[in-house]
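What follows is a single structure, written as structure tokens, with notes after it.
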Amino acid sequence: MPLHFELVTPARHVLSDDVHMVVVPGTEGEFGVLEGHAPFMSTIKDGAVQVFKTAGATPDLIEVRGGFAEVGENGLTILAEHVEG
């Protein structure tokens, strides 16, 4: 079952997609999120969000600058201060 992933900034809605896994650069270290992950919230540091569309796929990299990540019933939402590109 896919993970619903949303990436937004104050300026725009960057991405909304169903994916296999997302690896987030948390301020306490990187963490991976799959469907069914326990709910939590974390601050994120500057770095690359890795989006795996399918199991074993090469990840798409999205450079973010600061923000928050929230895992909940609806999947993973990243509220980034800025997204490169």
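Keep in mind that what you see is a predicted model, and the values were worked out from it rather than measured.
- Taking the charged nitrogens against the carboxylate oxygens, Asp18 and Lys53 have no contact shorter than 4.0 Å, which rules out a salt bridge.
- Residues Val51 and Met21 are members of separate hydrophobic clusters, defined by side-chain heavy-atom contacts under 4.5 angstrom among Ile, Leu, Val, Met, Phe, Trp and Tyr.
- Here the CG atom belonging to Leu15 is positioned 7.5 Å from the CD atom belonging to Glu6, to the nearest 0.5 angstrom.
- In this structure, the side chains of Thr77 and Phe68 stay at 4.5 Å or more apart for every pair of heavy atoms.
- Tracing side-chain contacts under 4.5 Å through hydrophobic residues (I, L, V, M, F, W, Y), one reaches Val64 starting from Val14; they form part of the same cluster.
- The shortest side-chain heavy-atom distance between Pro10 and His82 does not fall under the 4.5 Å cut-off.
- Applying the side-chain hydrogen bond (donor to acceptor under 3.5 Å, both in side chains) rule to Thr27 yields the partners Thr43; only residues at least two apart in sequence or on another chain are considered.
- Considering all non-hydrogen atoms of both residues, Val71 and Ala38 come closest at CG1-O, 3.7 Å.
- Applying the side-chain hydrogen bond (donor to acceptor under 3.5 Å, both in side chains) rule to Asp60 yields no partners; only residues at least two apart in sequence or on another chain are considered.
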Subject >> Working for side chain to side chain donor-acceptor pair (under 3.5 Å), residues Glu35 and His37 >> reply: CA-CA 6 Å; Glu35 173 63 28; His37 197 290; over 6 Å; no

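- Separation of atoms CD (Glu30) and CD1 (Ile44) is listed at 12.0 Å; rounding is to 0.5 Å.
- A pairwise comparison of heavy atoms in Pro25 and Ala48 identifies CD-O, 3.6 Å as the closest pair.
- Linking ILVMFWY residues whenever their side-chain heavy atoms come closer than 4.5 Å, directly or via other members, leaves Leu79 and Val33 in distinct clusters.
- You'll find the side chain of Val83 reaches within 4.5 Å of the side chain of Arg12, heavy atoms only.
- The CG atom of Asp46 lies 8.0 Å from the CD atom of Glu81; values are rounded to the nearest 0.5 Å.
- Rounded to the nearest 0.5 Å, atoms CG (Asp17) and CZ (Phe5) are 9.0 Å apart.
- Applying the ring-ring contact (aromatic ring centres under 6.0 Å, His included) test to Phe31 and every residue at least two apart in sequence or in another chain returns Phe40.
- The minimum heavy-atom distance linking Val8 with His13 is given by the pair CG1-CD2, 3.4 Å.
- What you find for Phe52 and Val19 is that their closest heavy atoms are O-CB, 3.6 Å.
- Counting only heavy atoms from C-beta outward, the side chains of His4 and Asn74 never approach each other to under 4.5 Å.
- Taking each heavy atom of Gly47 and Arg65 in turn, the nearest pair found is N-NH1, 3.6 Å.
- Side-chain atoms of Val49 and Ile78, non-hydrogen and from C-beta on, do get closer than 4.5 Å to each other.
- With hydrophobic clusters built from ILVMFWY side chains whose heavy atoms lie under 4.5 angstrom apart, Leu34 does not share a cluster with Val24.
- Gln50 contributes atom CD, which lies 6.0 Å from atom CG of Leu61 (distance to the nearest 0.5 angstrom).
- Residues Ser42 and Gly26 come closest through the heavy atom pair OG-CA, 4.3 Å.
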